[in-house]
Amino acid sequence: QVQLVDSGGGSVQAGGSLRLSCAASGRTFSIYAMGWFRQAPGKEREFVAATSSSGGSTYYADSVKGRFTISRDNTKNTVYLQMNSLKPEDTAVYHCAAARGGYSRNGYEYNYWGQGTQVTVSS
């Protein structure tokens with residue numbers, strides 16, 4: 001079973017940057033597609049970014065395209081989300097997730113979830 005621990009959140013001003021990390025336990029990390037989702041108070045969970053099991057393909061929500069970059073290092077069992085040019089509307093709890101079935105923008109397709117890390121962007 002995969003255990004995911006996400007970290008790297010914090011409080012920054014608009015225009016700043018953060019890098020989130022998600023560390024996975026086990027030796028089967030490389031078979032999972034990985035995604036990042038976020039949820040703000042009073043809003044539904046939304047897709048942010050995802051990458052294929054090899055890291056060869058990446059996908060982004062339109063709202064973050066050009067500002068965020070997802071990557072993974074399978075030798076370290078870690079996936080990252082580099083967030084640049086942050087906006088107040090990026091404020092949310094960010095969760096990483098692992099999908100055995102491949103890439104998906106839908107949270108219900110993911111099998112394992114990290115505990116979440118808070119990102120707060122002030123204007």
Side-chain angles (χ1 to χ4, degrees):
Q1 186 165 323
V2 175
Q3 182 179 12
L4 304 175
V5 179
D6 38 28
S7 61
S11 182
V12 298
Q13 291 186 318
S17 297
L18 287 171
R19 188 176 76 158
L20 307 184
S21 298
C22 176
S25 64
R27 294 185 176 273
T28 59
F29 176 72
S30 62
I31 72 174
Y32 293 95
M34 296 295 297
W36 287 95
F37 294 78
R38 66 188 182 187
Q39 187 167 21
K43 295 185 177 180
E44 295 292 319
R45 180 178 60 197
E46 66 174 332
F47 168 79
V48 176
T51 186
S52 59
S53 59
S54 68
S57 299
T58 57
Y59 308 88
Y60 299 94
D62 288 343
S63 60
V64 307
K65 191 174 298 182
R67 300 188 297 120
F68 291 10
T69 303
I70 187 171
S71 62
R72 67 191 296 161
D73 185 344
N74 286 348
T75 68
K76 298 180 179 179
N77 283 7
T78 302
V79 63
Y80 306 94
L81 185 68
Q82 178 66 47
M83 304 185 295
N84 298 326
S85 301
L86 283 161
K87 304 175 181 179
E89 51 262 45
D90 295 319
T91 296
V93 176
Y94 285 70
H95 296 262
C96 66
R100 180 71 179 270
Y103 163 78
S104 177
R105 293 176 176 265
N106 302 310
Y108 56 79
E109 298 284 0
Y110 288 78
N111 305 104
Y112 305 99
W113 293 82
Q115 83 287 349
T117 184
Q118 176 72 48
V119 172
T120 302
V121 185
S122 60
S123 60

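A quick note: this is a predicted structure, and the numbers were derived from the prediction, not measured.
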With rounding to the nearest 0.5 Å, note down the distance linking OG1 in Thr51 to OH in Tyr59. 8.0 Å
Ser53 and Tyr32: side chain to side chain contact (heavy atoms under 4.5 Å, CB included), yes or no, with the steps? CA-CA 5 Å; Ser53 59; Tyr32 293 95; 5.8 Å; no
Picking from Val64, Asp90, Leu20, what satisfies side chain to side chain contact (heavy atoms under 4.5 Å, CB included) with Met83? Leu20
Once you round to the nearest 0.5 Å, how far does CG of Asp6 lie from CH2 of Trp113? 10.5 Å
Is any side-chain heavy atom of Gln118 closer than 4.5 Å to one of Thr91? yes
Do Tyr103 and Leu4 belong to the same hydrophobic cluster, where Ile, Leu, Val, Met, Phe, Trp and Tyr are linked whenever their side-chain heavy atoms lie under 4.5 Å apart, directly or via other members? no
same_hphob_cluster(Trp36, Leu18) at 4.5 Å side-chain heavy-atom cutoff: yes
Decide if atom CZ of Arg45 counts as having more than 12 heavy atoms of other residues, nucleotides or ligands within a radius under 6.0 Å. yes
Closer than 3.5 angstrom, by distance alone: can the side chain of Gln39 be matched with the main-chain N or O of Ala92 as a donor-acceptor pair? no
Give the intermediate values and the outcome of side chain to side chain contact (heavy atoms under 4.5 Å, CB included) for residues Phe47 and Asn106. CA-CA 7 Å; Phe47 168 79; Asn106 302 310; over 6 Å; no
So, Arg72 side chain and Gly55 main chain: donor-acceptor pair closer than 3.5 Å or not? no
Would you please classify the geometry between the Tyr94 ring and the Phe68 ring as parallel, tilted or perpendicular, with 30° and 60° separating the classes? tilted
Decide, yes or no, whether a salt bridge links Lys65 with Asp62 under the criterion of side-chain N to carboxylate O below 4.0 Å. yes
Check step by step if side chain to side chain contact (heavy atoms under 4.5 Å, CB included) holds for Val121 and Val119. CA-CA 7 Å; Val121 185; Val119 172; 4.1 Å; yes
Applying side chain to side chain contact (heavy atoms under 4.5 Å, CB included), run through Phe29 and Val2 and close with a yes or a no. CA-CA 8 Å; Phe29 176 72; Val2 175; 5.7 Å; no
Value for CD (Glu46) from CZ (Arg38), rounded to nearest 0.5 Å, stands at 4.0 Å
Is there a continuous path of hydrophobic side-chain contacts, each under 4.5 Å between heavy atoms, that joins Tyr60 to Leu86? yes
Rounded to the nearest 0.5 Å, the CE atom of Met34 sits from the OG atom of Ser52 at a distance of 12.0 Å
Check the surroundings of atom CD in Gln3: do more than 12 heavy atoms from other residues, nucleotides or ligands lie under 6.0 Å from it? no
Taking every non-hydrogen atom, the tightest pair across Ala14 and Ser123: CB-CA, 4.4 Å
CG/Leu81 to SG/Cys22 distance, rounded to the nearest 0.5 angstrom? 10.5 Å
Heavy-atom pair of closest approach, residues Ser85 and Ser17: N-OG, 4.3 Å
May I ask whether Val79 and Ile31 are part of the same hydrophobic cluster, defined by side-chain heavy atoms of I, L, V, M, F, W, Y residues being less than 4.5 angstrom apart, directly or through others? yes
Closest non-hydrogen atom pair between Gly102 and Ala99, with its separation: O-CB, 3.4 Å
Any chance you could measure Cys96, atom SG, to Gln115, atom CD, to the nearest 0.5 Å? 7.5 Å
Closest non-hydrogen atoms of Ser104 and Tyr110, given as atom of the first, atom of the second and distance, are O-OH, 2.7 Å
